[in-house]
Number of protein chains: 2
Amino acid sequence: MNGHQVANIKQKKADIVSVATAANVSTSTVSRYFNHPELVKLVTRRRIETAVRKQGYIRNRAAQTIHGIRSGTIGVIVPTLDHAIFAEVVQSFSDTVAEQGFTILLASHGYDQQREYAILRKMLEHRVDGIVLTGLDHDDAVFRLIDSQTIPSILMWNYADDTRYPSIGSDNNSAGAMIAEHLLSQGHRDIACMFPPTRGNDRAQARFSAVMETLTDAGVSVPDHWQLTTVYSISDSKRDTLKLLNRTDRPTAIICGNDILATGALYGAAASGLRVPDDISITGIGDFKGSAEIEPALTTVRIPAKRIGSEAGLALSSAIINPGSVTTGLHCKPTLMIRSSSKPLNRE
Amino acid sequence: MNGHQVANIKQKKADIVSVATAANVSTSTVSRYFNHPELVKLVTRRRIETAVRKQGYIRNRAAQTIHGIRSGTIGVIVPTLDHAIFAEVVQSFSDTVAEQGFTILLASHGYDQQREYAILRKMLEHRVDGIVLTGLDHDDAVFRLIDSQTIPSILMWNYADDTRYPSIGSDNNSAGAMIAEHLLSQGHRDIACMFPPTRGNDRAQARFSAVMETLTDAGVSVPDHWQLTTVYSISDSKRDTLKLLNRTDRPTAIICGNDILATGALYGAAASGLRVPDDISITGIGDFKGSAEIEPALTTVRIPAKRIGSEAGLALSSAIINPGSVTTGLHCKPTLMIRSSSKPLNRE
DNA sequence: AATAGTTTTGCAAATGTTTTCATGAATGGA
DNA sequence: TCCATTCATGAAAACATTTGCAAAACTATT
């Protein structure tokens, strides 16, 4: 009867104690086996290894973490993963830090600053070793909360040199200015702008204001009805473009706040029977996958997402591993990609 | 001098003890304040609240976790985030489980089964409360490792009813069969196929074999030089399509393994001067963002990524919260989206 | 005012590890 | 063979919490 009972007993979860018992050593030795194997005699190592394998023991990082040992996690907070470009930057960040043994704790706030704060708190409860925020603008409470901790933190995606934490990314002002200058240099004066809502989106905000400023400085003004606010979506942008192009007064160029909008604009132009770039020039910002292959290939400003992600990963993981070191920001410069969707204006 | 020293002392990190001291209660009471506030008297609650705020105390989930309390994390392993479609499914999964208080621990293995195993181990070290794998096929060691734990696990993205863990997703066999049948029903017999490498990718594998089987059953055979293996990339697919279409023998339709390949194929056709669908029909699988808006709008099979992500999130979080319950798989059916990139063959 | 019941709190043990220090076991040199 | 090293291991304290149990502090009832 007792035997029966024993057989029924749920094999208790393996822990360091059960492994130690099985291997006939103390828990200290098992701990050392994992953390400083060179301090453990070979034959003992073998015994422990066997016990570990037999029991299927998996170390408990939570128990390590309460000793002040790093959790091995990095909190990454993005607005959304639904935009391919953020997914790309997260991917390369994740790959980079994974090489250093970190795993990422990922969450998105959907452009809601309240949620960002709540997510950050939760990540701190998990004792992440570092924090990555997307963009430069955040609720002051977010900054204060991070300040109150001792973990390194960086701002990824945008760059500016006067930021609260080191920023690694591209300067969206230059990106906006570049594309505006490009069209101006091609002789365009009748220019429409299509940008996503700028609220809670400092990237879009910076791009938009840089474009407008560049145009204004050149004496070009954009009438209100040529300033479109369109959510990040090919279909919305296609629709709005169609509406814009069906008016009697047509711009000779459309500056789009990102490549998704530009893609929709390209489709809209095609649908309304206009030829790009002969009848109208269209530009994007971002240089997303596919922008070089679309017909016509899109003129845009390349924001090097992969590079940003890996630089940020490198910077943050070394800040974690080497707490004394100073982490500095890094400007991953945007570059103008002139392709076939824009061309000099033919004055007749 | 003493005052000076005190001012210099690094304010020690707040923990439950320091909060308890400041609030003049025991640590038990502080713990209860967080976990069972209704058991704590109102005025005591107030005192604790003040102390917590003043010290900026943040609970340590690691310390909770070693008491067998859930970690509040779910491990999500995907092949890559670089494909918009995985990013989308992760996004909606994450949103769904976030509502239940879970945060996701995310990692990608880049279609490498060894890496998947290593990632899984790491996630178990973090004591995730549940595991999500992408696709049906995994190394047996992966399954055995999960089996040895007591946490729930699901397979996301694909569906089949004979899987080792509940699967939530679409049946890629039907998806492949659907699109092949569609083209057959339109009279196409000269059909080329362009698929990504199927190694380590059960989705692509299932789609491809279903397509081939459907065609063969209908008496249509695809010559070798019309079977293209092309990596997931618009530019590669555009290039390969161009090459294919420059031959003297041209198919009347191309079945692409996913919408990215199909997009590239569309561009390739445009670049080679062919009109879609008049000269050639092109189809995708996936119905990615933008596939409905591209010119011509892509005929494809819709795999409901958002729905898959949220159903999986729902299923897994309830399996975690309610450990007794049985989790069943769910087939999120693919649907044929007939748009403008395919049309019945004109026999002349 | 005494009693019984209820609510609130604290003590102490427990969780799964790491780490410091101390001890015992080998090893090498004389 | 003995002593001084060096190497390998263990005991126990520490980490930041939770929780079962018991004591204390209230309330309500008589």
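The figures that follow rest on heavy atoms only: side chains count, while hydrogens, waters and symmetry mates do not. Note that the structure is predicted; figures quoted are calculated from it, not measured.
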**Item:** N-O pairing of A/D137 and A/R203 below 4.0 Å
**Value:** no

**Item:** Separation of D/dA16 C1' from B/Q55 CD (nearest whole Å)
**Value:** 14 Å

**Item:** A/L39 CG - D/dG10 P separation (whole Å)
**Value:** 14 Å

**Request:** Round to the nearest Å and state the distance from B/N24 atom CG to C/dT9 atom P.
**Result:** 12 Å

**Message:** In this structure, how many angstroms lie between the C1' atom of C/dT19 and the OH atom of A/Y33, rounded?
**Reply:** 20 Å

**Item:** Ring geometry between A/H138 and A/F143 (parallel below 30°, tilted from 30 to 60°, perpendicular above 60°)
**Value:** perpendicular

**Prompt:** What is the distance, rounded to the nearest whole Å, between atom CZ of A/R61 and atom C1' of D/dT17?
**Reply:** 19 Å

**Asked** Would you say D/dT17 has OP1 or OP2 under 4.0 Å from some side-chain N or O of B/T65?
**Response** no

**Prompt:** Separation of B/I58 atom CD1 from D/dA16 atom P, in whole Å?
**Reply:** 14 Å

**Item:** Side-chain N or O of A/Y57 closer than 4.0 Å to phosphate OP1/OP2 of C/dT17
**Value:** yes

**Asked** Closer than 4.0 Å, any side-chain N/O of B/Q64 to the OP1 or OP2 of D/dT18?
**Response** yes

**Item:** Comparing B/L42 and B/R127 on DNA chain C - which has the more 5′ nearest nucleotide
**Value:** B/L42

**Message:** Taking only side-chain N and O atoms of B/R59, does any of them lie within less than 4.0 angstrom of OP1 or OP2 on D/dT18?
**Reply:** yes

**Request:** Looking at every strand, decide which applies to B/V25 at a 4.0 Å heavy-atom threshold: base, sugar-phosphate, or nothing.
**Result:** sugar-phosphate

**Asked** CG of A/D15 versus C1' of C/dT15: gap in Å, rounded?
**Response** 9 Å

**Prompt:** Charged N to carboxylate O below 4.0 Å: is that the case for A/R59 and A/D15?
**Reply:** no

**Message:** Using side-chain heavy atoms (C-beta onward) and a distance below 4.5 Å, is A/D139 in contact with A/E116?
**Reply:** no

**Prompt:** Do the charged groups of A/R53 and A/E49 touch, with an N to O distance under 4.0 Å?
**Reply:** yes

**Message:** Taking the basic N atoms (NZ, or NE/NH1/NH2) and the acidic carboxylate oxygens, is any pair closer than 4.0 Å for A/R115 and B/D95?
**Reply:** yes

Could I get a table of every N or O pair under 3.5 Å where one atom is in the protein and the other is in nucleotides 19-27 of chain D?
unit_1: D/dT19; atom_1: O4; unit_2: B/S28; atom_2: OG; d: 3.3

**Asked** For the pair made of CG in A/N60 and P in C/dT18, what is the distance, rounded to whole Å?
**Response** 9 Å

**Fill in**
Minimal heavy-atom distance between A/S318 and A/S325, with the atoms involved, is O-OG, 4.1 Å

